[in-house]
Amino acid sequence: MKKIIRFIGFIVLAGMMMACRSGAEEKALSKRQAEAEKQTAVLCEALLHNAPLDSIRALAEGKDDLFFYVFDARQMVYWSSNRLASGAVYLSSYDTWRELSFANAKTMARWSKAGIYNVLTVLPVQYLEPQEYIDEKTLSSQTFSFRQLIESDTRTYAKSRLYFYLCHVLFGLVILIGIIGLLWNKGIRNMRLSTRILYIVMTPVLAVFIYVFFMSIRYVHRTNEQHQRHDLLIRSEYVQSFLRSLYYWDVALTTDQAQGLAIDLHDLAYDMNQDIHVYGLNGELLASSSPMLFNSGVLSKRMAPEAIFSEEHATLCYEYIGSHPYLVSYIPFHNGSFVTIGYIAIPYFMSERTRNEEVDALLARLLPPYIIVLILALVFSFAAAKSMTAPISILTDKMRRFEIGGHDSHINYPYHDELGALVERYNILVDQVEESAAHLARAEREGAWRTMARQIAHEINNPLTPMKLSVQKLQLKRGTDGFDEYFDKTTKMLIAEIDNLAHIAQSFSALAKQPEVVTTEVDIAEKLSNVITLQRENDEQIPVRYVGADSGVTVLADNEQISQVFVNIIKNALQASPTDIIVVLNAAYSEREVQISISDDGTGIPEDIQARIFQPNFTTKSNGNGLGLAISKHIVEGSGGRIEFETSPKGTTFYIYLRRQ
């Protein structure tokens, strides 16, 4: 059923396409008819005013798709072309387009009245090939000039075009590769510089080759045509001289002489292997060496009108058999007194095969050096492009692998050109960067020590002032009644402050002595479970919940320091005054990482300090030193992981990502 539906759909689609094509053809024909009617009206106007023949010819001739035939009361007096093999035509109604069939064409025709003249306007619709209305063998046996049109050897034709096709394949292949390269790189701007240079060099080279290729073909065609024209002219003059000797005393050619003239032409044609036709002074055929061409409608029985009115010694013009052009030489038929008594026509069908063989012979000589030059141009342009872009590639690679303090950062380039200047400038910049990096590192170290000194001084100075005041007051209280009680209170306060100073000193010492991170395989679930067990016993009695495995989750981390990360973050969460803390170990986060999240439901981190919480010595607590998160970040990133956080007024969550094995 589906096949039937598809078949019906195909038939409907084909019908619609044919209908559209038919409609387009009818529209084009209507346009041609309208133009023809305008030109016919101009021609009729000229005939009504008895315009000279030259004016009529200027209006009617030179059109390949529009022909005019002018009749008086007795006969045809003018025709604009002899392409149509016209027999008898009959006058029908005026100003109406009708189908009119000639022996070699299908046309649309229209009769018009112009005083004593009747004008037949003809629009060719379709030209017929000789094979469509005449037997090929018969035509081949009855003609010399058109035998090549009938007898064709496909293998010989293909062989005669071998190098022609090879050139097309070669140029097509190169152009196809170029187009594929453009599409692959999405335009010439996205190509590598060496490839772009190759395109820029090869494009004009290929364009010159293609230009020379087509100019060579054109040269061969023009040379071949000139030779054939010259040969045809010599043949025409020979026939003219020969016939003048035969009809030396004749003052005119009549229809009574047609039979004898045909025999003479037949004998001469066999001697020359050439068709010969003779026309009367009125332009109508008198005799031919191949009358079957005219009787079967292959050729018109009227000569080309331009030859009748030509003042040249000989007229060479193109005529057609179907869609095939051929060259015809018209020369006057002179008697012994050099009086024109008729016209001699010698057709010459230019051998397409011979022309192709000459083109191919030329291409056979040109193609090998073309290919060699093309290959050499490709090789040299590729080498030049590589040579010009090699320093840039080296420069790119050096910049990609450039490290401060690294070795072999300079580029050696022996040429003193534009690229040499670029390389030299790069080497100078490398030296300047190395020098600037050394100054910057020294300045950073000095700045870090100054910042550390200020921080230590600040942390130590804060408790010293109340301690000094307490000791001074203690001195004043000595010997008074409340001295013992105040002494106990003051000494406890002093001991607490001294312990705080010791803690500060230990913290800065730990930061300074912090060891390098050494990554090993660590069961992070077991580490995390142990830390949470200890942190559940906190002074604030805040519950710390854990979601995840108790063991069996292995990551790459520092076995000695990773627990400190969890302790620091959980302590910060406890200090945020939450009601609940949740720690989640997400072992299925990804194939490469494990995610650990520590969440509290405190008040969150203010937006203005979020960018500084991982900086050393930054804290918002009165008893903190601001080193916990900085140390934690150092440990996590040293293990190849990362630490992030999200915060809002409803709480804060820290995310720790550690690599799997």
Side-chain angles (χ1 to χ4, degrees), residues 57 61-64 67 78-86 102-105 124 127 129-130 134 139 142-150 221-222 224-243 253 261-262 265-266 268-269 272-334 340 342-352 354-355:
R57 291 180 57 218
E61 292 180 12
K63 300 176 178 62
D64 294 333
F67 306 132
Y78 175 76
W79 58 96
S80 65
S81 173
N82 67 335
R83 184 167 184 179
L84 301 178
S86 58
F102 292 83
N104 59 350
Y127 289 105
E129 299 297 332
I134 188 173
L139 181 60
Q142 296 292 325
T143 180
F144 294 103
S145 303
F146 307 109
R147 191 169 293 169
Q148 298 177 39
L149 174 64
I150 305 302
H221 285 177
R222 291 181 62 182
N224 182 272
E225 182 177 348
Q226 289 174 0
H227 289 167
Q228 290 177 337
R229 282 176 173 267
H230 180 69
D231 181 62
L232 183 57
L233 189 58
I234 293 176
R235 286 170 175 263
S236 301
E237 291 175 347
Y238 174 79
V239 172
Q240 182 190 46
S241 176
F242 182 82
L243 291 178
L253 294 176
L261 180 58
L265 295 179
H266 186 271
L268 182 59
M272 298 183 61
N273 197 29
Q274 173 73 60
D275 292 333
I276 305 171
H277 317 304
V278 173
Y279 296 87
L281 293 176
N282 60 355
E284 294 187 6
L285 181 70
L286 278 177
S288 172
S289 63
S290 303
M292 193 270 296
L293 293 173
F294 299 92
N295 297 332
S296 60
V298 175
L299 297 179
S300 172
K301 292 183 179 181
R302 290 180 174 83
M303 62 184 290
E306 55 264 39
I308 299 177
F309 303 102
S310 175
E311 297 180 357
E312 300 291 334
H313 169 64
T315 302
L316 277 71
C317 57
Y318 281 100
E319 296 182 4
Y320 288 86
I321 293 181
S323 59
H324 303 281
Y326 65 96
L327 192 63
V328 182
S329 172
Y330 289 97
I331 194 166
F333 190 152
H334 291 153
T340 301
Y343 297 95
I344 303 168
I346 300 180
Y348 192 97
F349 196 93
M350 290 188 180
S351 173
E352 191 70 20
T354 303
R355 181 185 298 178

Heavy-atom side-chain proximity of L286 to Y279 below 4.5 angstrom: no
Atom CD of E312 with >12 non-hydrogen neighbours under 6.0 angstrom: no
R229 vs E225 side-chain heavy atoms within contact, under 4.5 Å: yes
Nearest atoms (heavy-atom pairs only) where L84 meets F102: CD1-CE1, 3.8 Å
Those residues that, when tested against A262, pass side-chain contact (heavy atoms from CB on, under 4.5 Å) (two or more places apart): A287
Test item: I276 and F242 side chains (from C-beta on) under 4.5 Å apart, heavy atoms: no
Any side-chain heavy-atom pair of M292 and L299 under 4.5 Å: no
Which atom of H334 lies closest to which atom of P332, heavy atoms considered: NE2-CB, 3.4 Å
Donor-acceptor under 3.5 Å (S236 side chain, L232 main chain): yes
Nearest heavy atoms of G342 and L281, plus distance in Å: N-CD2, 3.7 Å
Backbone of P347 reached by a side-chain donor or acceptor of D275 within 3.5 Å: no
Closest contact, heavy atoms only, W79 versus N282: CH2-O, 3.2 Å
By side chain to side chain donor-acceptor pair (under 3.5 Å) - contacts of R83 (at least two apart): none
Test item: S288 side-chain N/O and S290 main-chain N/O as donor-acceptor pair under 3.5 Å: yes
Any residue meeting ring pair (Phe, Tyr, Trp, His ring centres under 6.0 Å) with Y330, in chain and number order, not counting sequence neighbours: none
H277 side chain near M303 side chain, heavy-atom distance below 4.5 Å: no
Geometric class of the Y78/F309 ring pair [parallel <30°, tilted 30-60°, perpendicular >60°]: tilted
Interatomic distance, R235 atom CZ to Q274 atom CD [nearest 0.5 angstrom]: 5.0 Å
F67 vs P124 side-chain heavy atoms within contact, under 4.5 Å: yes
Heavy-atom side-chain contact between N104 and I321 under 4.5 Å: no
For the student: nearest non-hydrogen atoms of A85 and G297, plus distance: CB-O, 3.1 Å
Nearest heavy-atom neighbours spanning Y127 and A105: CD2-CB, 3.8 Å
